[in-house]
Number of protein chains: 2
Amino acid sequence: MKHLRLFEYIDAVVRAGSIRRASEALYITPSALDRRIQQIEEELGTQIFERHSKGMRLTAAGEIFLDYVRRHMADLERVRSEIEGLKGLRKGHVSLVASQALALKFLPEQIRLFRERHPGVSFTIRIADRGEALKALMAFEADLAVVVFPKMSSEVLQLIMVAQPVVALMSVHHPLATQPTVRLSECLNYPLVLPDASLGVRELLSPILVRRTHKAQISAETNSFELMRGLLQDHRSVGFQIAIGTPDITQESSIISRPIDERDVPTAPLICAQLRGRTLSVAAARFADQLTQHLDQMDITS
Amino acid sequence: MKHLRLFEYIDAVVRAGSIRRASEALYITPSALDRRIQQIEEELGTQIFERHSKGMRLTAAGEIFLDYVRRHMADLERVRSEIEGLKGLRKGHVSLVASQALALKFLPEQIRLFRERHPGVSFTIRIADRGEALKALMAFEADLAVVVFPKMSSEVLQLIMVAQPVVALMSVHHPLATQPTVRLSECLNYPLVLPDASLGVRELLSPILVRRTHKAQISAETNSFELMRGLLQDHRSVGFQIAIGTPDITQESSIISRPIDERDVPTAPLICAQLRGRTLSVAAARFADQLTQHLDQMDITS
DNA sequence: CTCCAGCGTTGAGTTTTTTAGAACACTATC
DNA sequence: GATAGTGTTCTAAAAAACTCAACGCTGGAG
């Protein structure tokens with residue numbers, strides 16, 4: 001919208017860190033951008049930015065104002081969405097940030113399901129680690145976050161929480177593949193492919209593995225479950241993931257999952273969250289409904 | 001602020017009911033105003049107004065958008081106030097809507113007290129009846145409402161409620177003036193000057209007076225306590241008011257108040273309220289603090 | 001039934017605002 | 001001390017907003 005140009009300018013300068021870089025992103029000249037910022041500062045009667053030789057940094061007043069700017073740009077999206085909602089949710093957009101575990105199966109399924117009923121709704125999905133996810137929420141970059149083992153903050157409102165069991169991943173040709181369930185100690189007989197510290201599952205495994213470190217043979221650590229599944233193709237290694245992120249057996253991936261005995265590893269909390277105090281767009285709210293509903297069912301069956 | 005011009009235009013058109021009248025209030029031509037509205041409607045992809053031969057009325061989408069517009073204009077005021085708050089509340093503004101009973105003594109005292117500590121803070125005070133007061137809150141025309149016996153709605157948040165006793169008003173030369181307290185039945189021996197239905201006190205008196213209507217002699221009804229006090233100068237009539245709205249004895253007004261026995265008339269609820277979900281400006285929030293504090297003390301002593 | 005008063009709207013011309021482009025002043029870093 | 005980065009200012013040009021005058025429409029009064 002035209003009249004929010006000034007707001008977008010400020011937001012861009014904060015993101016870029018300097019007028020010149022922001023001006024490139026906005027396709028205008030630095031001089032024009034500079035004038036608009038000076039105009040706002042004059043209207044507010046306060047400096048919004050500290051002029052640093054390496055760029056612009058927000059002042060205290062600027063932090064307050066930026067929060068207003070972002071909140072209201074997001075709120076306008078909600079209003080537009082609500083207006084579209086009057087016509088039956090024909091259009092709309094949902095912006096998600098999610099943990100990697102959900103990228104394989106859960107989110108694609110959920111989005112496909114949602115778009116069957118609401119074909120006009122589009123999505124942007126950013127896969128991020130636990131730290132980034134909630135930051136994106138607070139910077140109004142995402143409507144919803146679906147995260148494994150998040151570091152919660154008081155600014156984030158948890159919509160639902162389900163307990164996800166940790167499972168062991170391995171090739172179908174792996175010796176343990178014949179068992180219906182496995183014990184953690186059995187896994188330790190094989191080379192381990194571990195998720196790294198940026199992933200929630202690792203948070204659960206670390207304290208346990210530390211105690212048995214003399215037995216464990218860690219062959220690889222990675223922040224990519226995709227890579228992990230590739231490494232497991234050696235038919236010997238064992239990986240870990242939460243149940244919801246498990247690949248389908250029907251796929252030709254030849255990777256299967258086996259539940260780990262409950263006594264060995266605690267369950268991982270999987271949450272869906274939004275920014276507290278923010279009103280979601282119609283599309284985002286409906287999608288959150290669908291998510292919580294499916295997650296809830298899943299929790300009962302497990 | 002400059003870039004909120006479009007928002008102010010919309011707000012003005014809604015208030016005026018037509019482009020031409022709004023254009024007068026805004027000191028621009030109707031054609032300019034019309035073009036901006038069409039621009040917004042194009043950007044939103046929806047009609048905001050129904051074109052009627054007598055003017056413009058909001059559509060459903062318009063209602064949603066207007067709420068956004070007003071909320072955000074009010075929120076910008078809060079942001080400005082918060083930024084000023086960083087410098088110690090040197091500037092600021094509080095917009096009040098209040099019942100008439102508070103116009104005589106309570107509000108002037110409270111505002112004087114507040115401005116002693118914060119000389120840079122200015123006030124606008126609108127005296128209104130109970131219906132208008134809460135409407136003003138919901139239209140973002142006032143930050144705070146201080147109202148006697150309001151019709152509460154779920155959209156307003158009650159900050160404090162104190163019980164106010166009803167008192168009888170009369171001239172110092174009135175026969176009843178010698179008594180420390182009076183019974184309602186004693187008042188009925190004299191001509192009554194009643195507040196009318198727009199005032200909260202009447203709400204309390206009506207059901208009681210109906211039962212004794214054969215005895216009561218109503219000489220006047222008015223929506224002005226100032227007029228009521230004038231009428232009481234005949235040394236015979238008796239009026240009613242809540243304790244907080246009572247004139248000081250030290251004034252030359254020669255009107256005094258006498259508590260009515262508690263058994264005769266219930267107390268009147270006096271509340272201070274804001275719009276639910278709205279963040280008040282620093283100045284308004286501090287003033288609300290002061291009000292609740294003083295009202296609370298007052299409640300204990302009575 | 002006509003006429004009038006009010007409404008929203010449009011086209012052409014003017015004013016104000018915003019942007020572009022080049023140059024300047026400053027500051028860290030190598 | 002050169003250099004690459006920053007914010008800023010000057011001018012002119014482009015874009016947006018506004019004015020003025022006029023048109024077409026509707027509902028009610030004479």
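Here is how names work: the chains are called A, B, and so on, in the same order as the sequence lines, proteins then strands, and each is numbered from 1. Since the structure is predicted, the reported quantities are computational estimates derived from the model, not experimental observations.
- Heavy atoms only, all atoms of each residue included: B:S95 and B:A142 are closest at OG-CA, 3.5 Å.
- Checked against salt bridge (charged side-chain N to carboxylate O under 4.0 Å, His left out), A:R278 has the following partners two or more places apart in sequence or in another chain: A:D143.
- Between A:Q39 and C:dT17 there is no side-chain N or O to OP1 or OP2 distance below 4.0 Å.
- If you check every strand for non-hydrogen atoms under 4.0 Å, B:R36 touches sugar and phosphate atoms only.
- Rounding to whole angstrom units, CD of residue A:E43 and C1' of C:dT18 are separated by 14 Å.
- Contact of the B:T59 side chain with the B:F49 side chain is not registered, since no non-hydrogen atoms from C-beta on lie closer than 4.5 Å.
- Rounded to whole angstrom, the span from the CD atom of A:E8 across to the P atom of C:dT19 amounts to 12 Å.
- Counting only N and O atoms by type, the side chains of B:R36 and B:Q39 include a donor and acceptor under 3.5 Å apart.
- Taking atom CG on A:L33 and atom P on D:dT6, their separation rounds to 12 Å, with Å as the unit.
- For the side-chain contact (heavy atoms from CB on, under 4.5 Å) with A:I125, the lone residue among A:L102, A:V97, A:I111 that qualifies is A:I111.
- Separation of atoms CG (A:L134) and CG (A:D129) is listed at 10.0 Å; rounding is to 0.5 Å.
- Between A:A103 and A:I127, the shortest heavy-atom contact is CB-CD1, 3.7 Å.
- Rounded to whole angstrom, the span from the CG atom of A:L6 across to the P atom of C:dT17 amounts to 13 Å.
- Atom CZ in A:F49 sits roughly 10 Å away from atom P in D:dT8 (whole-Å rounding).
- Dashed line: the shortest gap from a side-chain N or O of A:Y9 to OP1 or OP2 of C:dT19 is under 4.0 Å.
- The nearest whole Å value for the distance from the CD atom in A:E24 to the P atom in C:dG21 is 14 Å.
- Straight-line distance from the CD1 atom of A:I28 to the P atom of D:dG7: 13 Å, rounded to whole Å.
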- Base, backbone or nothing for each nucleotide of nucleotides 6-12 of chain C, written B, S, -, heavy atoms under 4.0 angstrom, 5' to 3'? -BBSBBB
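- Residue A:Y27 places none of its side-chain N or O atoms closer than 4.0 Å to OP1 or OP2 of C:dA20.
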